[in-house]
Amino acid sequence: MARQHPLKDLRNIGIIAHIDAGKTTFSERLLFYTGVSHKIGEVHEGDTVMDWMVQERERGITITSAATTMYWKNHQINLIDTPGHIDFTAEVQRSLRVLDGAVVVFDGVAGVEPQSETVWRQADKYNVPRICFINKLDRMGASFEKSFDSILKKLTPNAVAVSFPMGLEENLKGVIDLMKMKALYFEGEKGIDVVEKEIPEEFKAEAETWRKKMIEKIAGEDNILTEKFLEGKEITIEEIKNVLRKSVLNYKLIPVFCGSALKNKGVQTILDAVVDLLPSPLDVVSQKGTDPKTGAIIEKKSSDTEPFSALVFKIATDPYVGTLTFFRVYSGVLNKGSYVLNANTGEQERIARILRMHADERQELDVIYAGEIGATVGLKATSTGHTLCAKESPVILEKIVFPEPVIGIRVEPKTKVDQEKLIMSIRKLTEEDPTFRIKEDLETGETIISGMGELHLDIIADRLKREFHVEANYGKPQVAYRETILGEANGEEKYVRQSGGKGQYGHVLLKVKPKERGAGFEFIDEIKGGTIPKEFIKPVEKGVVEAMDKGVVAGYPMVDVEVTLYDGSYHEVDSSEFAFKIAGSMAFQKAAKAAKAVILEPIMKVEIVTPEDFFGQVISDVSSRRGKIEETSERVGMKVVDAMVPLSETFGYATSLRSLTEGRASFTMEFNKYEQVPSNVAQEIIDGKRK
């Protein structure tokens, strides 16, 4: 089967936004206008194509990223609709890693919201070129200018408005295309026909002002256009588009469009922009990987003639076909029935089927080409972040880094039958979701599952019950505390055991010092002259890591510590790996206690939107929860409070905020950083752990 569309006509894009900005409504319009679906699904009616999970339709939110393929003006667009809720941040991370461009959707009333900032920074991290769509301009209190200003101030000074709304709220008639200087009306069934007309008299002056700003900003990116602009010469639409596309690909400019997805206005302008402005796989910097044997850097170009390489970015459990493995092909061609190498594990996998996904439906393919996104079934030893490649040309592509879970709950099966089912089901879910973890507490024998927030764990529990038919009891949410050290200290341990015959001997001297928050653990070997033989260094590190997992203050894992092994001694006969592991563990515990070990707690960034009448109560309630108010602002007759609040103080906050404000306030929350716990709270945590 030959390639349907050349590489230059392929677009891999994602839709990213804050929760409730209208991403899924927007995606449904894209599917309708490109002919993929013949009926527009609505979130409030629970019949959307992209939100296909039961839990998504019930709650009206996106939980898992859904992939689909559509066609527009002879271009193939592979689209991924990602969740906006921060508990599902892993879905956004992994999608952005394999996409070439993104459409960022904003609420025309709220403008930039906390999670818009989070997804924006994630896109910055992966250098993803993007375009913006200010949505919901039909809502009461909508303002294109305020939303556009919030993008300029909070996200990037490089935003440039390329369209402008004709009217707002219930008077939204259409949009003005500032490049063509035409009014666009969306007529026919569900606004399917885009009709170009002259700009109505009442909008002409404003449109001229916006166009001048646009031309000035775009011309500033190109010397020839700058000259033309300064000389007052006419600049053609073609010239504007060419310079704008170059600037988008180099992250120099970000075009901003507008409309209302729910009222079917302005959506087709985004499809045109995806085709005209966003990159094809050929425009993106080639992928760099490493040779698994030598560690040498290998470059992978987007081409069908290069050796095959692909990155696995998602594992999903499908009730009909089993485990689905989603991958992005970076180079070469993959045929059905062929064998590929998993470069991370060194094992071979057979590709029995190749699928192109349309949300929860699938289309069988015989072959998939460079630049495409596909899925396969039945891989045995492949998980998220692994590289699949040609056997004769092994490469490991850059992995995806996921955040650590911040909250855990105890789970126990209701019956003996549920016991085995629970472990099997949880294992499947941890394969799917890298931010969902399971841990056995050895002291109490309990199983603890951890995730990114209360909603995350709520969805997991719901899926265990409905999809996997597991009945279980769940404990109260527990905070994932961590420990670290504030100072530097040395530790020495001599582990000697004589018991007749061969004894045990291990002698270790090490020093510990703190690292920056979030920098992780580092082990440095400074042994000179063989005072500890090479084969005993790794066991010392293993002992240190085990001691760090147990912590020294209240039994929580230690983070952000540098450990240097600088001296020690050994015995010709009695020294063993076991002895050095124990000595390393005990020396670390001594050093950590001496280096002022403390407990760290997760701090959440909280945004509360409340009517003015309840502003005082909301502020004092936040303060009573050890919260720090960062700033307060106004938003269309509402007060907005930005605060930092410890996670332990936010459990059940939704209920208490509702009763404080007669159900009229709302809030969003996301993990921000770990901070030291005040000493009085630390004592409570230690006592609670002992109980």
Side-chain angles (χ1 to χ4, degrees), residues 293 295 345-346 423 437-448 481-515 519-600 685-687 689-691:
K293 289 197 177 77
T345 62
I423 297 300
R437 308 271 169 86
I438 174 175
K439 190 176 116 189
E440 294 283 335
D441 190 323
L442 297 174
E443 289 170 25
T444 59
E446 294 171 337
T447 302
I448 292 168
Y481 292 108
R482 296 281 181 268
E483 294 179 19
T484 194
I485 52 173
L486 299 180
E488 298 183 22
N490 291 14
E492 179 181 3
E493 181 62 42
K494 199 178 265 189
Y495 181 76
V496 185
R497 291 287 182 275
Q498 286 305 133
S499 53
K502 189 178 182 308
Q504 296 283 1
Y505 183 96
H507 178 209
V508 167
L509 283 89
L510 48 77
K511 55 180 179 236
V512 297
K513 72 179 204 187
K515 294 188 76 168
F521 163 65
E522 187 182 2
F523 183 81
I524 299 167
D525 168 17
E526 275 184 9
I527 292 296
K528 306 249 183 336
T531 51
I532 296 178
K534 272 269 178 276
E535 67 266 26
F536 297 138
I537 306 284
K538 263 279 176 252
V540 172
E541 184 180 349
K542 212 171 170 189
V544 168
V545 169
E546 280 182 16
M548 282 182 68
D549 274 350
K550 294 192 184 86
V552 296
V553 185
Y556 293 104
M558 287 207 113
V559 291
D560 309 332
V561 179
E562 181 187 286
V563 178
T564 306
L565 175 63
Y566 66 91
D567 204 0
S569 64
Y570 73 104
H571 187 281
E572 289 284 350
V573 179
D574 290 352
S575 280
S576 67
E577 290 189 1
F578 173 76
F580 273 99
K581 187 175 130 184
I582 299 287
S585 176
M586 290 162 79
F588 174 79
Q589 285 174 347
K590 275 185 187 171
K593 280 175 187 160
K596 295 196 208 108
V598 292
I599 300 175
L600 300 173
I685 294 168
I686 294 164
D687 296 343
K689 188 80 172 169
R690 283 185 188 138
K691 273 182 209 164

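Index from 1, following the sequence.
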> For a quick test of reading the model, state the closest non-hydrogen atom pair linking Ile599 to Ala554 and the distance between them.
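In terms of heavy atoms, the two residues are closest at CD1-CB, 4.0 Å.
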> Spell out, as yes or no, whether a donor-acceptor pair under 3.5 Å connects the side chain of Asp549 to the backbone of Pro557.
no
> Which atom names give the shortest non-hydrogen contact between Val552 and Glu483, and what distance separates them?
N-OE1, 2.8 Å
> Apply side-chain hydrogen bond (donor to acceptor under 3.5 Å, both in side chains) to Tyr495 and list each qualifying residue two or more places apart in sequence or on a separate chain.
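Tyr495 satisfies side-chain hydrogen bond (donor to acceptor under 3.5 Å, both in side chains) with no other residue.
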> Could you tell me the separation between the CD atom of Glu562 and the NZ atom of Lys513, rounded to the nearest 0.5 Å?
4.5 Å
> For Glu488, enumerate each residue passing the side-chain hydrogen bond (donor to acceptor under 3.5 Å, both in side chains) test, keeping only those at least two apart in sequence or located in another chain.
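For Glu488, no residue satisfies side-chain hydrogen bond (donor to acceptor under 3.5 Å, both in side chains) once neighbours in sequence are set aside.
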> List the residues meeting side chain to side chain contact (heavy atoms under 4.5 Å, CB included) with Glu526, not counting sequence neighbours, and say none if there are none.
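For Glu526, the residues satisfying side chain to side chain contact (heavy atoms under 4.5 Å, CB included) (neighbours in sequence not counted) are Lys511, Ile524, Thr564, Tyr566.
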> Going by side chain to side chain contact (heavy atoms under 4.5 Å, CB included), name the residues that satisfy it together with Lys550, two or more places apart in sequence or in a different chain.
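Side chain to side chain contact (heavy atoms under 4.5 Å, CB included) check on Lys550 returns nothing, list empty.
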> Please work out which of the three classes, parallel, tilted or perpendicular, describes the rings of Phe523 and Phe521, given edges at 30° and 60°.
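Phe521 vs Phe523 ring planes: tilted.
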> State, to 0.1 Å, how close Ile532 and Asp567 come at their nearest heavy-atom pair, and which atoms those are.
CD1-O, 3.8 Å
> Checking Lys534 now: which residues fulfil salt bridge (Lys or Arg N to Asp or Glu O under 4.0 Å) with it, not counting sequence neighbours?
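Asp525.
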> Considering all heavy atoms of both residues, which atom of Gly530 and which atom of Tyr570 are nearest to each other, and what is their separation?
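The pair with the smallest heavy-atom distance is O-CE2, 3.7 Å.
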> What pair of heavy atoms forms the shortest contact from Leu509 to His507, and how long is it?
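Closest heavy-atom pair between Leu509 and His507: CD1-NE2, 3.4 Å.
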> Return a table of donor-acceptor pairs under 3.5 angstrom between the side chains of residues 576-598 and protein atoms on other chains or two or more places apart.
{"unit_1": "Ser576", "atom_1": "OG", "unit_2": "Gln504", "atom_2": "OE1", "d": "2.6"}
{"unit_1": "Ser576", "atom_1": "OG", "unit_2": "Ala579", "atom_2": "N", "d": "3.1"}
{"unit_1": "Lys581", "atom_1": "NZ", "unit_2": "Glu546", "atom_2": "OE2", "d": "3.1"}
{"unit_1": "Lys590", "atom_1": "NZ", "unit_2": "Glu492", "atom_2": "O", "d": "3.2"}
{"unit_1": "Lys590", "atom_1": "NZ", "unit_2": "Glu493", "atom_2": "OE1", "d": "2.9"}

> Please round to the nearest 0.5 Å and tell me the distance separating atom CE of Met548 and atom OG1 of Thr484.
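Here the rounded value is 7.5 Å.
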> Is Arg482 close to Asp560 at the side-chain level, that is, under 4.5 Å between some pair of heavy atoms?
no
> Identify the two heavy atoms, one from Val553 and one from Ile686, that lie closest to each other, and give their separation to 0.1 Å.
CG1-CD1, 3.7 Å
> Could you work out, with salt bridge (Lys or Arg N to Asp or Glu O under 4.0 Å) as the rule, every residue matching Lys538, not counting sequence neighbours?
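So Lys538 forms a salt bridge (Lys or Arg N to Asp or Glu O under 4.0 Å) with Glu541.
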> Please list, chain by chain and in numerical order, all residues satisfying side-chain hydrogen bond (donor to acceptor under 3.5 Å, both in side chains) with Lys494, sequence neighbours excluded.
none
